[in-house]
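Proteins get letters first, then strands, A, B, ... in listed order; numbering begins at 1 in each.
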2 protein chains.
Amino acid sequence: MKVSKEKVAQNREALVQAAARLFRERGIDGVGVAEISKQAGLTHGALYAQFPSKEALAAEALADGVARANGWMTARLEGREPTLTDHLDAYLSSQHRDDLGGGCAMAASASEVARQPRDVSVAFTNGFSQLVGIIERTLAKSGSAAERRQRSLAITAAMIGGVAAARASAKASPALSDDILVAMRRLLDEVGAEAKPRAKRARVTRR
Amino acid sequence: MKVSKEKVAQNREALVQAAARLFRERGIDGVGVAEISKQAGLTHGALYAQFPSKEALAAEALADGVARANGWMTARLEGREPTLTDHLDAYLSSQHRDDLGGGCAMAASASEVARQPRDVSVAFTNGFSQLVGIIERTLAKSGSAAERRQRSLAITAAMIGGVAAARASAKASPALSDDILVAMRRLLDEVGAEAKPRAKRARVTRR
DNA sequence: TGTACATCAGTGAACGCGCGTTCACTGATGTAC
DNA sequence: TGTACATCAGTGAACGCGCGTTCACTGATGTAC
């Protein structure tokens, strides 16, 4: 039966949300359209009324998942200006590592995206650039803009790599997994502090 | 028919090699046992004479792929002692990024391994620890052993993240992808130089 | 060394299953008059 | 405002297909005598 415009929008949103979470948890190839539709309270036919293919849904789900994670990074500390350390503590936390379904879509899917079609890569790239901007805003305004961007690019990719490596080693060695998170937090903290003009780099004592 | 011991070992090796390459190129869920067997010059039944399941083959293929990549990192410069810069230039190169099938299995599969069973995670962890050791050997002997290990852990995860992020963005924005590699190479180079005792950190001019 | 035979890697047909996608149909919505 | 009807999101059966795995069988290898 036909359905109100409002309901249509709700259903589409439910499909995207369900897909985003399931793709993060089990990978794009690891979940079927039947399960996504079911979790959104619909049948698979409804999915094809909204999206031309599973791949199109994947692109939209990744875009949504990435925007949501980035929004959380910035909204979390409303009021005060977030520092790089704030972002590192949140992103490179064991909570984030252990929350595959609820966490950043880039960390959950980085190596998979390389094998997906262009539009999925576009969604990744947009989210990545956005996170680079968030990191860049926390760096002191020393050096040229190009240097700051370059540094932010590397820090962002390192954050993603830190979470991905911590997750990949978690089942085999929880201790190594924790160590990776701690080591990456400390390294990037130093790197960020370094960007500050002439400030004597403090010995980082964070656990 | 029965087959000589030598031939059995050859066939097993061919299966592992074919699986390792295909898994890197298309993901574990993206390739079937039929194609792996065919590429090894066998039928899928032969695969099950050697391995109890596709998953067991995946674990062995990852272990092999990781060991091979690490071997290449060290063997490449036989004779002289490799520096951190040598490793960074090789690992964070556009050639490595563009050679999904032939490159490092950890960069190709990092985010996928998180969803695989324990034995796959074990293979990742072994390879990761090995690469950490390779990196650690290039760092100056300043600071405590624990500090050097921590730094190597972070550098290794960052290298993997750099290649994974560069690959994920390559289809959408080749320029961004290149920038990520350059930025990560420069950042980690600085980080490595820093570890040297009291040496004034040189401005890094590598392209 | 020569012969008889047990072993077992490899073959290829077959298994049930879930995949992504299509399609005839339904019926409440939203529009035209 | 009330009525007639076109629209189209959603349903659920059906499609062909390739998946991972099993199994009866083959026949050269390697062993026991």
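- Results of the side chain to side chain contact (heavy atoms under 4.5 Å, CB included) test with A:L92 over A:I180, A:L181, A:V182 single out A:L181 as the only residue that passes.
- Qualifying salt bridge (charged side-chain N to carboxylate O under 4.0 Å, His left out) partners for A:E25, counting only residues two or more places apart in sequence or in other chains: A:R21.
- Residues passing the side-chain hydrogen bond (donor to acceptor under 3.5 Å, both in side chains) test with B:N11: none are found, sequence neighbours excluded.
- With sequence neighbours excluded, no residue satisfies salt bridge (charged side-chain N to carboxylate O under 4.0 Å, His left out) with B:E136.
- Taking CZ of B:F128 as the start and OG1 of B:T156 as the end, the distance is 5.0 Å to the nearest 0.5 Å.
- Only B:V8, B:N11, listed by number, bring a heavy atom of residues 4-13 of chain B to less than 4.0 angstrom from any atom of DNA chain C.
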Residues 37-48 of chain B side chain polar contacts: donor-acceptor under 3.5 Å, at least two apart:
residue, atom, partner, partner atom, Å
B:S37, OG, B:V33, O, 2.6

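- Protein atom CG of B:L47 is 15 Å distant from nucleotide atom P of C:dG12, rounded to whole Å.
- Taken together, the paired segments of DNA chain D that extend over three or more consecutive Watson-Crick or G-U pairs, each closer than 3.5 Å at both contacts, are C:2-33 with D:2-33.
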**Report entry** Heavy-atom protein contacts under 4.0 Å, nucleotides 15-26 of chain C, coded B base, S sugar-phosphate only, - none
**Finding:** -----SBB---B

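- For the salt bridge (charged side-chain N to carboxylate O under 4.0 Å, His left out) test, no residue two or more places apart in sequence or in another chain qualifies with A:D98.
- Ion pairing of B:E190 with B:R186 is present here, as a side-chain N (NZ or NE/NH1/NH2) and a carboxylate O approach within less than 4.0 Å.
- Using a 4.0 Å cut-off, some side-chain N or O of A:Q50 falls inside it from OP1 or OP2 of D:dG10.
- The main-chain N or O of A:V191 is found under 3.5 Å from a side-chain atom of A:R151 such that the two form a donor-acceptor pair.
- Within residues 17-26 of chain A, no residue has any heavy atom closer than 4.0 Å to DNA chain D.
- Checked against C:dA9, D:dG10, C:dG12, the side chain of A:V3 finds its nearest nucleotide in D:dG10.
- Among pairs with a residue in residues 105-128 of chain A, those fulfilling side chain to side chain donor-acceptor pair (under 3.5 Å) read A:S111-B:S111, A:E112-B:R115, A:R115-B:E112, at least two apart in sequence or across chains.
- Taken from CD1 in A:I155 to CG in A:L187, the straight-line distance is 9.5 Å, to the nearest 0.5 Å.
- B:Y91 meets the ring-ring contact (aromatic ring centres under 6.0 Å, His included) test with B:H96; sequence neighbours excluded.
- In this structure A:E55 satisfies the salt bridge (charged side-chain N to carboxylate O under 4.0 Å, His left out) test with no other residue, sequence neighbours excluded.
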